[in-house]
*Asks:* 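If you scroll down you'll find the structure; I have some questions about it.
Only this structure's heavy atoms are used, side chains among them; waters, hydrogens and symmetry mates stay out. What you are looking at is a predicted structure, and each value in this text was computed from that prediction instead of being measured.
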Amino acid sequence: MTDPRTELSEFLRSRRARLSPDDVGLPRYGRTRRVPGLRREELAQLAGVSVAYYTRLEQGNGRNVSAEVLDSIARALRLNDAERAHLRNLAHSKPGKKRATRTQVRPALQHLLDGVGVPAYIGGRRSDIHAWNPMAAALFGDWGELAPRDRNWARLIFLRPSYQELFVNWQSKAEDVVGFLRMDAGCYPDDPDLAALVGELSVKSELFRQLWARHDVKEKSFGTKVLRHPLVGEMTLSYETLKMPSEPDLFLTTYHAEPGTASAEALQLLASWGTDATRAGTSVKTQA
């Protein structure tokens, strides 16, 4: 489990450290700075709050801070939407709030996946993978061959070398996964499974420790990834992430290629091979 007070303190310090007086139009006083980024008094000035008030907040005391003050501090720190949401979650966190539970996928959602003509899967908290269709198995490997606890993007990306070969820009994928976990930690600080996952990865992966210490956060949305599949080669695929209105803990992610491209032809080839593609090539991704 994470301590919201510590998380709030470290998050604010990390955001303050990435700004310089030049970034926000403040004059520089003195020749050198002993620490990177803005000083507390400079940030307080930009946010329109007293230095003492901001200092208490950065020390993790966000119990009675108002939404207006948080918005002012977010603007001063130039936070994006994901970071603003994370700041609110950390500042207003309460013991026992939104404890995470195991998620079950309704049969109708699996039927939806099976009817989608592109690789698609349903994910949830902690980067868990709950359900997928045959095309996702052909693209990423048959997650059904893994133990349930290992059907998890964080464990796949950081603990299985084959996924470093699958994602051409593996570092970017790793940063995304850590950003998602950071958002979850702010929303569900009392989730023991998330704490155990972070602890496991911190012990087993130096890169994970480095990325986790940066306190970067990210929300699942859309973008492009380049994959190098063992059977069909390199593909540029766009992904879209859709939240489930009736299932707030779940999201649907699909991958597709631009029509008429070599990547689209490669996806069609994977679809025609079906389970044979999974057995012939992508099953190696399930091997550590």
*Asks:* Does Y188 have R125 sitting over its ring (NZ/CZ under 6.0 Å from centre, angle to axis within 45°)?
*Replies:*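 Yes, R125 lies over the aromatic ring of Y188.
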*Asks:* D128 and N152: side-chain donor and acceptor closer than 3.5 Å?
*Replies:*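 Yes, N152 and D128 have a side-chain donor paired with an acceptor closer than 3.5 Å.
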*Asks:* Which residue is it: E7, E219, E10? I am looking for the one with a salt bridge (charged side-chain N to carboxylate O under 4.0 Å, His left out) to R182.
*Replies:*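 Option passing the salt bridge (charged side-chain N to carboxylate O under 4.0 Å, His left out) with R182: E7.
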*Asks:* Which residues satisfy the salt bridge (charged side-chain N to carboxylate O under 4.0 Å, His left out) test with R151, sequence neighbours excluded?
*Replies:* none
*Asks:* Only counting residues at least two apart or in another chain, list the ones meeting side-chain contact (heavy atoms from CB on, under 4.5 Å) with A262.
*Replies:* none
*Asks:* Taking only residues two or more places apart in sequence, or in another chain, which ones meet R18 in a salt bridge (charged side-chain N to carboxylate O under 4.0 Å, His left out)?
*Replies:*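 Testing R18 for salt bridge (charged side-chain N to carboxylate O under 4.0 Å, His left out), a comparison that skips the adjacent residues, returns E83.
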*Asks:* So, using side-chain contact (heavy atoms from CB on, under 4.5 Å) as the criterion, who are the partners of D176 when residues are at least two apart?
*Replies:*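 Partners of D176 under the side-chain contact (heavy atoms from CB on, under 4.5 Å) test: S172, F180, K218, K225, Y239.
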*Asks:* Please collect all ring pair (Phe, Tyr, Trp, His ring centres under 6.0 Å) contacts where either partner lies in residues 196-227, sequence neighbours excluded, each pair once.
*Replies:*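 Qualifying pairs, neighbours excluded: F158-F208, F208-W212.
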*Asks:* Keeping to residues at least two apart or across chains, list the salt bridge (charged side-chain N to carboxylate O under 4.0 Å, His left out) pairs with something in residues 204-215.
*Replies:*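 Output for this query lists E175-R214, E200-K204, E206-R209, R214-D216.
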*Asks:* Whether R126 and D191 form a salt bridge (side-chain N of Lys/Arg under 4.0 Å from carboxylate O of Asp/Glu) is what I want to check.
*Replies:*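 Result for this pair is yes, salt bridge flagged.
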*Asks:* Where does the angle between the aromatic ring planes of F140 and F167 fall among parallel (under 30°), tilted (30 to 60°) and perpendicular (over 60°)?
*Replies:*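 Rings of F140 and F167: parallel, as their planes differ by under 30°.
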*Asks:* For the side chain of D150 and the backbone of L146, is there at least one donor-acceptor N/O pair under 3.5 Å apart?
*Replies:* no
